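Notes follow the structure.
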Amino acid sequence: MNYNDNIASIQNLISGYKGTWDGINAESVARMRAQNRFHSGLDIARYTAKIMRQDMAAYDADPANYTQSLGCWHGFIGQQKMISIKKHFGSTKGRYLYLSGWMVAALRSDFGPLPDQSMHEKTSVPALIEELYTFLKQADARELGLLFKDLDEARAAGDEAREKDIMDKIDNFETHVVPIIADIDAGFGNAEATYLLAKKMIEAGACALQIENQVSDEKQCGHQDGKVTVPHEDFLAKVRACRYAFLELGVEDGVIVTRTDSLGAGLTKQIAFSKEPGDIGDQYNSFLDCEEVSAADLAPNDVVITRDGKLMRPKRLPSNLFQFKPGTGEDRCVLDCITSLQHGADLLWIETEKPHVEQIAGMVDRIREVIPNAKLVYNNSPSFNWTLNFRQQIFDAWEAAGKDVSAYDRAKLMSVEYDDTDLAAEADEKIRTFQKDGAKRAGIFHHLITLPTYHTAALSTDNLAKRYFGEEAMLGYVKQVQRQEIRQGIACVKHQNMAGSDIGDDHKEYFAGEAALKASGKDNTMNQFEDTSNPSVQAAE
């Protein structure tokens, strides 16, 4: 229903109450409805799940249609990101949010900063999803509120052409609400615990859940050592728990992203149950590092299996964990991915130790031999030293091609002395095209950076503190922050407006009419920033 039709419908409703609702303005109600399109997190989950499914189909048709996101640890950060995207690109299409368990642990736990080991409160994850969407919905309300003010001004001026243009913008308004891929870690417990948390996350608005095949109580960050995986059946029970949660709540096209940490995980907590040779349990156990023994070799508490008719003792550590054979990580990743897709997963996540397109593609090629449309979510992780990795990749390629690399020290390629070299320039170009190249060659549907806003907050705060508490003092803030906000057209330079002051004024007027005591009068100092929306001011920068 468009804006005018909505007004007419509401007016009919009001008229049906025989004058008792005449204090209600139909257009004001229509505006409030437009500003609050999504009434629940489930409305959001259903809406964004459809977006993701459409984007996945578009990628299958053409890998140039890959999608992207940045990890956001606060609602305001997510809101400002989406406002920026709409400002610079005109549309949010193909741009999502990522919710990182690492950042929840480090920044949002009541225990204080924690490592990424599933020690934070599980309820903090759905709470952040709800917070992100609260801020995104407020961005809708703010932007529509500005359009309503423009509409009123056009009507007052009798400018019918401008009024029609603004009405078109209102009727075709694109929401800031986009899909969130949300990290459920290893499920925070058994399959039932996974199901209960998945429900809370979906009810908060998540249309996509990312779950990993590590042991819940031994979970580690994907870029740290000491990772322990679980047998496939244990993991698949949690995948099914997530699907049941989606289906129970009516999000029938919810997306499950299964992450394998097998590339960097050399340990398992248990030997898989196997009914017959060649089943999934037997395949998992085939990767165990074992030694052949006889009955006479066995200690009282040894665990043994048979392999090819031989009695084998898996290598067992003092931690009671079992060790995989060295060099089996890629094979285990491929098996993990194929098995997940065959049992209800929609997208894959392979956690790697470096950003190398051909390494990723080598595994995806093998997966696609079985599942032709297999697609990845890939972590463009800040745990990688991107500069060093790509300079070393170029160094190795040049060396293999017989090119003279004697001017470079491979181990020290991070050094600033190489910044202006041909090697550095070629490496930077490879970094720039990494996402496009990975989407085309390695089946990467979605590129994300897990922790970018953690790092940008630290960097910008360091720069401000250095300047403000140094010789520049107040100029350090004015020159580096406020002046840049004004000249770059950053919306939150008018922070009262961004925090909802104008929306509140509108509501006061709806509720109290001329008696409303509004905050946006002539003495509001935010009026000093009225010109920041003028393109000529931004163009002067």
Side-chain angles (χ1 to χ4, degrees), residues 40-41 44-45 48 69-84 96-139 176-189 193-194 196-212 214 216-224 242 245 257 259 349 351 377 379-383 448-462 464 492 498-500:
S40 72
I44 292 171
T48 53
S69 66
L70 296 174
C72 297
W73 55 272
H74 192 279
F76 177 73
I77 301 296
Q79 177 199 64
Q80 293 304 300
K81 171 189 148 182
M82 298 317 302
I83 288 174
S84 175
Y96 305 167
L97 293 180
Y98 178 66
L99 185 152
S100 160
W102 193 102
M103 285 206 284
V104 173
L107 299 170
R108 302 303 301 264
S109 171
D110 286 343
F111 294 112
L114 293 171
D116 183 20
Q117 297 173 353
S118 290
M119 294 188 291
H120 54 284
E121 312 88 339
K122 63 174 70 176
T123 53
S124 58
V125 182
L128 179 53
I129 297 169
E130 183 176 5
E131 176 182 293
L132 284 161
Y133 281 128
T134 296
F135 274 79
L136 295 184
K137 290 193 294 181
Q138 196 263 5
H176 295 82
V177 169
V178 297
I180 287 178
I181 297 176
D183 186 358
I184 197 171
D185 277 32
F188 286 85
T194 302
L196 293 171
L197 178 55
K199 280 182 62 176
K200 287 294 184 185
M201 293 169 70
I202 297 163
E203 287 168 342
C207 73
L209 303 178
Q210 168 225 325
I211 186 165
E212 60 205 60
Q214 291 192 51
S216 290
D217 57 351
E218 301 283 356
K219 182 260 188 303
Q220 289 278 18
C221 172
H223 294 281
Q224 291 184 312
C242 291
V257 183
R259 176 177 130 183
W349 174 319
E351 195 75 304
V377 171
N379 177 9
N380 293 217
S381 177
S383 292
L448 60 88
I449 309 178
T450 43
L451 321 176
T453 53
Y454 177 91
H455 291 281
T456 54
L459 178 63
S460 61
T461 302
D462 179 85
L464 174 61
C492 71
M498 185 58 64

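Because the structure is predicted, anything quoted here is derived from the model rather than measured.
- Contacts of Lys137 classified as salt bridge (charged side-chain N to carboxylate O under 4.0 Å, His left out), with partners at least two apart in sequence or in another chain: none.
- Once rounded to the nearest 0.5 Å, the distance linking OG of Ser100 with CD1 of Ile181 reads 12.5 Å.
- The backbone N or O of Asp110 lies less than 3.5 Å from a partner atom in the side chain of Glu121, making a donor-acceptor pair.
- Closest of all the heavy-atom pairs between Gln214 and Arg259 is NE2-NH2, 3.7 Å.
- At a threshold of 4.5 Å between non-hydrogen side-chain atoms, the residues Leu97 and Ser69 do not count as touching.
- The environment of Tyr454 atom OH is sparse: at most 12 non-hydrogen atoms of other residues, nucleotides or ligands sit within 6.0 angstrom.
- A 4.5 Å side-chain heavy-atom check between Val377 and Leu448 finds at least one atom pair inside the cut-off.
- Across Leu136 and Gly78, no two heavy atoms sit closer than the pair CD2-O, 3.7 Å.
- Of all heavy-atom pairs spanning Cys72 and Thr453, the tightest one is CA-OG1, 3.7 Å.
- Here the side chains of Gln80 and His74 are not in contact, with every heavy-atom distance at 4.5 Å or above.
- Within the 3.5 Å criterion, the main-chain N or O of Ala458 finds no donor-acceptor partner in the side chain of Thr461.
- Formation of a donor-acceptor pair under 3.5 Å by the Ser460 side chain with backbone atoms of Thr456 is found in this model.
- Without hydrogens or angle criteria, Gln138 side chain to Met498 main chain gives a donor-acceptor distance under 3.5 Å.
- Side-chain contact between Leu459 and His455 is absent, with no heavy atoms from C-beta onward closer than 4.5 Å.
- In this structure a side-chain-to-backbone donor-acceptor pair under 3.5 Å is missing from Asp185 to Gly187.
- Here Cys492 contributes atom SG and Ile83 contributes atom CD1; the two are 8.0 Å apart, rounded to the nearest 0.5 Å.
- Here Glu203 pairs with nothing under the salt bridge (charged side-chain N to carboxylate O under 4.0 Å, His left out) rule; sequence neighbours left out.
- We find the CD1-SG distance between Ile202 and Cys242 to be 7.0 Å, quoted to the nearest 0.5 Å.
- If you take CG on Leu196 and CE on Met201, they are separated by 13.0 Å, rounding to the nearest 0.5 Å.
- At distances below 3.5 Å, at least one donor-acceptor pair connects side-chain atoms of Lys81 with backbone N or O atoms of Tyr96.
- A salt bridge is absent between Lys200 and Glu130: the closest approach of a Lys/Arg side-chain nitrogen to an acidic carboxylate oxygen does not fall below 4.0 angstrom.
- Atom-to-atom distance recorded for Ile180:CD1 and Leu209:CG is 11.0 Å, nearest 0.5 angstrom.
- Looking only at side-chain heavy atoms (C-beta outward), Leu99 and Val104 come within less than 4.5 Å of each other.
- Closest approach of Ala245 and Ala198 over heavy atoms only: CB-CB, 3.8 Å.
- The side chain to side chain contact (heavy atoms under 4.5 Å, CB included) check on Leu464 picks up Tyr468, Tyr477, Val481, with sequence neighbours excluded.
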(request) With ring-ring contact (aromatic ring centres under 6.0 Å, His included) as the test, would you mind laying out the steps for Phe135 and His176 before giving the verdict? (result) CA-CA 9 Å; Phe135 274 79; His176 295 82; over 10 Å; no
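- Classification of the His120-Phe188 ring pair by plane angle, with boundaries at 30° and 60°, yields perpendicular.
- What you find for Gln210 and Tyr98 is that their closest heavy atoms are OE1-OH, 2.6 Å.
- The distance from the OG atom of Ser383 to the CH2 atom of Trp102 is 8.0 Å, given to the nearest 0.5 Å.
- In this structure, Tyr133 and Val177 approach most closely via the heavy-atom pair CE2-CG1, 3.7 Å.
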